[in-house]
Amino acid sequence: MVRVPFRAAADRVRHRLSQLVRPASRSRTAAPKASRATDRTGATAPDGPKASHPAAPGGPKAPHSAVPGDLAAPARSPWLRALGMLAVVVLGAWLGLLAVGSIRTPVGPMDTNMTLRPSLTGGSKINVAPLGALELDSHIAPLRLDVDVDRLDPERSQALVDQPERFSGLEDEVTRDVAAGTKELAVRSCVAVISGATALGLVVYRRPRRALAAGGLALTLLAASGVSAYATWNPKSVLEPKFSGLLSSAPSLVGDARSIVTEFDIYQQELARLVTNVTKLYDATSTLPVYQPDPGTIRALHVSDIHLNPAAWHIIASLVEQYEIDVIIDSGDTMDHGSAAENGFLDPIRDLGAPYVWVRGNHDSTVTQDYLEKFRNVRVLDNGKAVNVGGLRIAGTGDASFTPDRTGPGGNKAAAQLEGARLATALRDQERAGTPVDIAVAHDPNTARATDGTVPLVLSGHLHRRINEQLKLGTRLKVEGSTGGGGLRAVQNEKPEKVHASVLYLDRSTRRLQAWDEITLGGLGLTTAEVSRHLPEENLDKDSPGSPSPSPSPTPSSASSSPSATRSPGRPTPSP
């Protein structure tokens, strides 16, 4: 018979494939067909004594004779069998999620796909291809929620246009749609996980009982993941979303890094267009329940360390227009050498569309300072000088050091701290005179730290990286990265330095920081952009994601964290 050797070969292949996961009990009961026939008839095997029978009572035990493929041999471990079962469950559950673990559901005027995916970090991700994605650290679990926005439904969108009054209920409608979609996704995911694990278990084990056990274990793991997500659910994560985007056509318009020198005008125009598009999209996505700036909110743009990069002016102008900036605050190092020949680089400041507050950095000279003082829209701060501009009272001082050669040693820390002590004294004098300062500005963080306890907020730069720190006496220190991407000489580095700027939102009545957006762009030749919103810790404690427009107001807790808590929150708005 031809089928007999074929069936024997198939049995051997199946046995080898399932060795890691087949239970030992099956192998223990397995015996050659001749042995089973012998047991039924009671006959003795013709080849010798019944060595496989147990020894007589009181006698020595016969050693276990392992037959080929016997999984009960000492080499097999229960841990390996359990690991095999776990591998079958995880793989089957994953395949089930991939096959049927997603739903298509409408959310407001949009059609979306909602999916659960295995993940090491958890969280939620909303994809708006090809424009970008919104990421939330919503939970910690081995599952991530992916929401893919496919398209805007023409009929539902037109209904909103024809009936503008529906916008007032759009938030509730979206909330209901998301809740309904999440419930349906949970049910679908349970079915997908159980079906996938059970089906794969049946293929591997070829026993219904073991396959059902695999399905039950898969359901248990999914339930445990759900409990983990529920226990670590962070509703405040929506207060700090992270948006990333990519302008797909920019590389063809800009070219690679080697063409930056010859096509720099095109590069800086496209980079400015990129930040405009990304911030517009971010503004649209911020209809989520996050901090919504009141129309009266003061908006300040913090820039620093431009280092002669002309692209910075295009980026700043774009941000001023997009965010309706009230005042630009530059914490220094606008130049590289501070020479008179570089002064023409500063001329675009006249046309940025907002008042410009500037302090001298260690790469800026008094020649640079004198040139800027002639600009009508520029306020130069030095030696603790304070001005009223953009609805804020701002004081600052120039850097204590001047290092025009970037290859030389860094600034003197002791000199920076001494300059900070002078600035702190000036701030106290302002407080005693009844004109307390809202924001202090210094280039060196060592200078800025010396103002702790004399002002609610102090801004600096110098380090080419961001720092956000609450100092011991209540002052918040914000260090900005390089808005010029480290300057044109940054192309000498292995990787382009990123471009940084921040939009600060301050309450008009209290002048306190309510939130800030961090804008990060790719360096020279790169077209990536990222905008992320952040709230001070005291605002995170009092705000909830259920209040999309909290209209922040002073509370005892926020006032106590500031050294200037005695000032009247209703004091008149300083005139520009």
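These figures come from a predicted structure and were not determined experimentally.
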Could you walk me through whether Thr115 and Asp146 satisfy the side-chain hydrogen bond (donor to acceptor under 3.5 Å, both in side chains) test, starting with their C-alpha distance in whole Å, then the side-chain angles of each, then the deciding distance to 0.1 Å, before giving a yes or no? CA-CA 5 Å; Thr115 312; Asp146 284 354; over 6 Å; no

Backbone N/O of Gly434 and side chain of Gln430: donor-acceptor pair under 3.5 Å: no

Determine, stepwise, if the pair Ile329 / Val303 fulfils side-chain contact (heavy atoms from CB on, under 4.5 Å). CA-CA 6 Å; Ile329 303 176; Val303 301; over 6 Å; no

Residue pair Leu372, Thr334: steps toward the side-chain contact (heavy atoms from CB on, under 4.5 Å) verdict: CA-CA 11 Å; Leu372 277 173; Thr334 313; 5.6 Å; no

Backbone N or O of Ser509 within a donor-acceptor pair of the Arg511 side chain at under 3.5 Å? yes

Do Arg428 and Glu431 meet the salt-bridge criterion of a basic N to acidic O distance under 4.0 Å? no

Enclosure of Gln369 CD (heavy-atom neighbours >12, cutoff 6.0 Å): yes

CA sep, side-chain torsions, deciding dist, call: Asp429, Arg432, salt bridge (charged side-chain N to carboxylate O under 4.0 Å, His left out): CA-CA 5 Å; Asp429 292 341; Arg432 286 192 291 267; 2.3 Å; yes

Among Ser502, Ser331, Ser482, the one residue meeting side-chain contact (heavy atoms from CB on, under 4.5 Å) with Ser304: Ser331

Mark yes or no for whether Arg379, through its side chain, and Arg376, through its backbone, hold a donor-acceptor pair below 3.5 Å. yes

Within this structure, what is the CG-CD distance for the pair Leu504 and Glu518, rounded to the nearest 0.5 Å? 10.0 Å

Would you name the heavy atoms of Ser124 and His139 that are closest together and state the gap between them? OG-CE1, 4.1 Å

Does CD1 in Ile140 sit with more than 12 non-hydrogen atoms of other residues, nucleotides or ligands closer than 6.0 Å? no

Asp333 side chain to His363 main-chain N or O, any donor-acceptor pair under 3.5 Å? yes

Heavy atoms from other residues, nucleotides or ligands near CD of Glu469 exceed 12 (cutoff 6.0 Å): yes

For Ile439 and Val437, work out which heavy atoms get closest and say how close. O-CG1, 3.1 Å

Looking only at non-hydrogen atoms, find the nearest pair between Ala450 and Ala421 and report the distance. CB-N, 3.8 Å

Is there side-chain contact between Tyr371 and Asp347, with heavy atoms separated by less than 4.5 Å? yes

Closer than 3.5 angstrom, by distance alone: can the side chain of Asn377 be matched with the main-chain N or O of Tyr356 as a donor-acceptor pair? no

Run the side-chain contact (heavy atoms from CB on, under 4.5 Å) test on Trp313 and Asp351 for me, step by step, so that the C-alpha distance in whole Å, both residues' side-chain angles and the decisive distance to 0.1 Å come before the verdict. CA-CA 9 Å; Trp313 303 130; Asp351 303 319; over 6 Å; no

Under 3.5 Å side-chain donor-acceptor pair for Arg476 and Asn468: yes

Taking side chain as C-beta onward, heavy atoms only, is Val378 less than 4.5 Å from Leu346? no

Tested for side-chain contact (heavy atoms from CB on, under 4.5 Å) against Ser460, the lone hit among Asp444, Asn446, Leu477, Thr451 is Leu477

Student check: side-chain heavy atoms of His307 and His464 closer than 4.5 Å: yes

Within 6.0 angstrom of Arg350 CZ, more than 12 heavy atoms from elsewhere: yes

Side chain of Asp452, backbone of Lys472: donor and acceptor closer than 3.5 Å? yes

Of the options Val359, Leu381, Thr447, which is the one that meets Thr397 in a side-chain contact (heavy atoms from CB on, under 4.5 Å)? Thr447

Nearest 0.5 Å please: distance from the CD1 atom of Ile519 over to the OH atom of Tyr323. 4.5 Å

Minimal non-hydrogen separation, Trp516 against Leu535, with atom names: CZ3-C, 4.0 Å

To the nearest 0.5 angstrom, please state how far the CZ atom of Arg465 sits from the NE2 atom of His500. 11.0 Å

I'd like to check Asn362 versus His443 (side-chain heavy atoms, cut-off strictly below 4.5 Å). Are they in contact? yes

Side chain proximity check, Leu308 to Met335, heavy atoms < 4.5 angstrom: yes

Is a donor on one side and an acceptor on the other found under 3.5 Å between the side chain of Glu419 and the backbone of Ala415? no

Out of curiosity, Arg449 CZ to Leu473 CG, how far, rounded to the nearest 0.5 Å? 12.5 Å

Is it the case that the side chain of Ser225 and the backbone of Ala141 share a donor-acceptor pair, with hydrogens and angles ignored and the cut-off at 3.5 Å? no

Do you know the tightest heavy-atom contact between Pro445 and Val479? CG-CG2, 4.1 Å

Strictly distance-based, threshold 3.5 Å: is any side-chain N or O of Asp438 a donor or acceptor partner for the main-chain N or O of Leu392? no

Less than 4.0 Å between a side-chain N and a carboxylate O, is that true for Arg466 and Glu480? yes

Salt bridge Arg360-Asp382, side-chain N to carboxylate O under 4.0 Å: yes

Grab the two heavy atoms, one from Asp364 and one from Phe402, that are nearest each other, plus how far apart they are. O-CD1, 3.5 Å

What's the verdict on side-chain contact (heavy atoms from CB on, under 4.5 Å) for Leu513 and Lys478, showing C-alpha distance, side-chain angles and the deciding distance? CA-CA 11 Å; Leu513 182 67; Lys478 287 190 64 60; 4.2 Å; yes

Going by ring pair (Phe, Tyr, Trp, His ring centres under 6.0 Å), name the pairs with one or both residues in residues 465-485, residues two or more places apart or in two chains. none

Between Asp326 and Arg299, is there a donor-acceptor pair closer than 3.5 Å when you use the side chain of the first and the backbone of the second? yes

How long is the gap from CG on Leu301 to CG on Leu319, to the nearest 0.5 Å? 5.5 Å

Working to the nearest 0.5 Å, report the span between OG1 of Thr297 and CD of Glu324. 11.0 Å

